[in-house]
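To start, the structure under review is shown below, and the notes come after it.
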Amino acid sequence: MEHRIFTTSVASVYPLYVKKLERKGRTKAELDEVIEWLTGFDDEELDQHLAAETTFEGFFDQAHLNPKASAITGTVCGIRVEEVEDPLMQKIRYLDKLVDELAKGKAMEKVLRA
């Protein structure tokens, strides 16, 4: 079964990430840094995906996933990120987990698995 999130545009979720982080004293720039770390997209490429309303499926199809992404562990919505079987859903959960960690005030170098 295909999840609705796969065909949802990244642009429709991005402002929710920004709002969540800004409420916790973090910035859009920090969000963009996390997205760049995970996907390899620079600011310009990210802006293009947002403007084109690329779906999560298309977004992660074109991403060059960080080799350290597998170090992202823990739970999102009660689901262990490292146990998600669907590769696309796992990538989406990686992003959710990184946003959660930022929102919880983790240091950027920890979030980026430095």
What verdict does the side-chain contact (heavy atoms from CB on, under 4.5 Å) test give for Lys28 and Asp32, after you've listed the backbone C-alpha separation in whole Å, the side-chain angles of each residue and the deciding distance to 0.1 Å? CA-CA 6 Å; Lys28 178 183 172 298; Asp32 292 352; 3.1 Å; yes
Please round to the nearest 0.5 Å and tell me the distance separating atom [atom1] of [X] and atom [atom2] of [Y].
X     : Y     : atom1 : atom2 : answer
Leu65 : Tyr94 : CG    : OH    : 7.0 Å
Phe60 : Gln90 : CZ    : CD    : 10.5 Å
Glu57 : Ile5  : CD    : CD1   : 11.5 Å
His3  : Asp86 : NE2   : CG    : 6.0 Å
Lys97 : Arg93 : NZ    : CZ    : 11.5 Å
Thr39 : Gln62 : OG1   : CD    : 10.5 Å

Between side-chain atoms of residues 76-85 and protein atoms elsewhere (two or more places apart, or another chain), which donor-acceptor pairs fall under 3.5 Å?
from  : atom 1 : to    : atom 2 : distance (Å)
Arg80 : NE     : Glu82 : OE2    : 3.0
Arg80 : NH2    : Glu82 : OE2    : 2.9
Glu82 : OE1    : Gly74 : N      : 3.0

What closest approach, in Å, do Ala71 and Arg113 show between heavy atoms, and which atom pair accounts for it? O-NE, 3.3 Å
Identify the heavy atoms of Ser70 and Thr73 that sit nearest to each other, and give their distance. O-CG2, 4.2 Å
Tell me whether Arg26 contacts the main-chain N or O of Leu102 through its side chain, where contact means a donor paired with an acceptor under 3.5 Å. yes
Report all side-chain donor-acceptor pairs from residues 43-51 shorter than 3.5 Å, counting only partners two or more places apart or in another chain.
from  : atom 1 : to    : atom 2 : distance (Å)
Glu45 : OE1    : Asp42 : N      : 2.9
His49 : ND1    : Thr54 : OG1    : 3.0

Walk me through it: do Lys110 and Glu101 pass the test side-chain contact (heavy atoms from CB on, under 4.5 Å)? CA-CA 9 Å; Lys110 283 207 169 73; Glu101 289 178 357; over 6 Å; no
Extract all donor-acceptor atom pairs below 3.5 Å that involve side chains of residues 15-23 and protein atoms in other chains or at least two apart in sequence.
from  : atom 1 : to     : atom 2 : distance (Å)
Tyr17 : OH     : Asp96  : OD1    : 2.7
Lys20 : NZ     : Asp100 : OD1    : 2.4

Taking the six-membered ring for Trp, are Phe59 and Phe56 parallel (under 30°), tilted (30 to 60°) or perpendicular (over 60°)? perpendicular
Checking Ile72 against Leu38 for the side-chain contact (heavy atoms from CB on, under 4.5 Å) test, could you report, in this order, the C-alpha distance in whole Å, the side-chain angles of both residues, the deciding distance, and whether it holds? CA-CA 10 Å; Ile72 302 168; Leu38 181 63; 4.2 Å; yes
